[in-house]
There are 2 protein chains.
Amino acid sequence: MNKRRYNSETAKQEIMEKAWLLFSQKGYSQTSVSDISKASGYSKGHIYYHFENKEKLFVLLAQQTMKEWFIKWMNKENEYSSASEKLYGMAMHVLYNYQTPLLKGGQELASNPESSTESLKQLYELAVIPMGAYRAILVQGIEEGEFKKGNVEEWTVLIGTWLGGLCQLTNTQDTRSLEPLFKKAVSMFLESIQN
Amino acid sequence: MNKRRYNSETAKQEIMEKAWLLFSQKGYSQTSVSDISKASGYSKGHIYYHFENKEKLFVLLAQQTMKEWFIKWMNKENEYSSASEKLYGMAMHVLYNYQTPLLKGGQELASNPESSTESLKQLYELAVIPMGAYRAILVQGIEEGEFKKGNVEEWTVLIGTWLGGLCQLTNTQDTRSLEPLFKKAVSMFLESIQN
DNA sequence: ATATAATTAGAACGGTCGTTCAATTCAAGA
DNA sequence: TCTTGAATTGAACGACCGTTCTAATTATAT
């Protein structure tokens, strides 16, 4: 093959994009570095020029994905005023932006005894982010008298697991068609916590 | 090694037990046939004497697990009379008997493009079983006037995803300590559908 | 023009994977 | 006792894994 010279940074970006796609589709261990090489068009050696190893590449992508998810939510949050509206908005945000396939890869990596402890820690910290966002909404609702005074931690976990569970459906169903279901979940949840 | 002769059926059983354990702990692709061989004490060749291949072995275990889950529920169901009680009972049954780790392996297998279509179909049929059990409870509740007349299919999916999402917590938290959370989810759900 | 360093490809490495197979042992029937 | 076939092993196979290394190419600075 020719050793053309291309912008190294865009190369890195392209590798990350293709890797993200493959990890999402096939999971962590079922995606090989060769797969990423073929899909991106860059040699295996070049991938290792940019990234220390497969595990670190994955963690980086997971972090980036979660970061984008959070920033995107922060930008959208102000569109809603009441905590109830925010909860509906969050449900839609989760439906359309929460990348369950990639996180599934994270569980895979996490359950592998050979994963480095540092990666495990980093992945764990990732899971905390959405919970924080949920909690913030619930706290606002309580403070403004919109929601009852209740066990915030419990509520946070409950809405988190519900939305997470619903997200699994995106594997088998069209995203758009799931909107009513997500909204229904929120409305049922609100029935219990609203004043 | 000596080629001792042992009861072949118990050998098969022991292999299945160890395989089940490993698949649950490490997932599908991270569990090798060699792992199963070492853990069970039977040679690799002997595993292939009993099972066509790794994929079929896994599907068999998944089917068996789900079957047992369902039978166990059927036996327990009569302990509860009202549909509401049954829903609480089901939540506990799911918490203590729903083998998420193994099903995680199922998702792994399902997302692998090289899995045989037959295995995929069999895994999909598995996911239907618990939904049927949830639906039955909801239908009973409606027929006996305990629950509102509502969209049963929607309710089924909603309680199913909620319980499924909550089950993920068993990966990081003690099962016993999750009881209140599961019960709280059911009580919130009931608030919305009870007459 | 030359030297140096960054970049890129692809072969090579040691290992493991799922699977197959020949060889062997054992139990039971003839 | 001899034969047959089921049971069992472990070596062997080809493929692929993540990673490393060498060599080649190119850009840049001198």
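Below, each value reflects all heavy atoms present in this structure, side chains not excepted, and no hydrogens, waters or symmetry copies. Just so we're on the same page: letters track the sequence lines, and every chain starts at 1.
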Distance-only donor-acceptor hits, side chain of residues 57-69 of chain A, under 3.5 Å, sequence neighbours excluded:
{"unit_1": "Thr65(A)", "atom_1": "OG1", "unit_2": "Trp20(A)", "atom_2": "NE1", "d": "2.9"}
{"unit_1": "Thr65(A)", "atom_1": "OG1", "unit_2": "Leu61(A)", "atom_2": "O", "d": "2.7"}

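- A parallel orientation is assigned to the rings of Trp73(B) and Tyr80(B), their planes being inclined by less than 30° (bins at 30° and 60°).
- Following rounding to the nearest Å, Ile47(A) (CD1) and dC17(D) (C1') show an atom-to-atom distance of 14 Å.
- For NZ of Lys18(A), the number of neighbouring non-hydrogen atoms (other residues, nucleotides, ligands) closer than 6.0 Å is 12 at most.
- In the hydrophobic clustering, where aliphatic and aromatic side chains (Ile, Leu, Val, Met, Phe, Trp, Tyr) are joined below 4.5 Å either directly or transitively, Tyr124(A) groups with Val128(A).
- Counting only distance, with no hydrogens or angles, the side chain of Lys148(B) and the backbone of Ser192(B) share a donor-acceptor pair below 3.5 Å.
- Note that CZ of Phe23(A) and CG of Leu21(A) are 11.5 Å apart. Values are rounded to the nearest 0.5 Å.
- Note: CD1 (Ile15(B)) to P (dT8(D)) measures 9 Å, nearest angstrom.
- One interatomic measurement links the two molecules: CD of Glu114(B) to C1' of dT19(C), which rounds to 14 Å at whole-angstrom precision.
- Computed from coordinates, the Glu52(B) CD to dG18(C) P distance equals 16 Å when rounded to whole Å.
- In this structure, Tyr42(B) atom OH and dT8(D) atom P are separated by 8 Å, rounded to whole Å.
- A straight line from CZ of Phe58(B) to P of dG18(C) spans 13 Å, rounded to a whole angstrom.
- As a whole-Å value, the separation of Phe51(B) CZ from dG18(C) P is 15 Å.
- His46(A) places its NE2 atom 17 Å from the P atom of dT20(D), with the value rounded to the nearest Å.
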Using nucleotides 12-17 of chain C, report all nitrogen or oxygen pairs with the protein that are shorter than 3.5 Å.
{"unit_1": "dC17(C)", "atom_1": "OP1", "unit_2": "Ser32(B)", "atom_2": "OG", "d": "3.4"}

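- For Tyr48(B), counting side-chain heavy atoms from C-beta on, the closest listed nucleotide (dT9(D), dT8(C), dT20(C)) is dT20(C).
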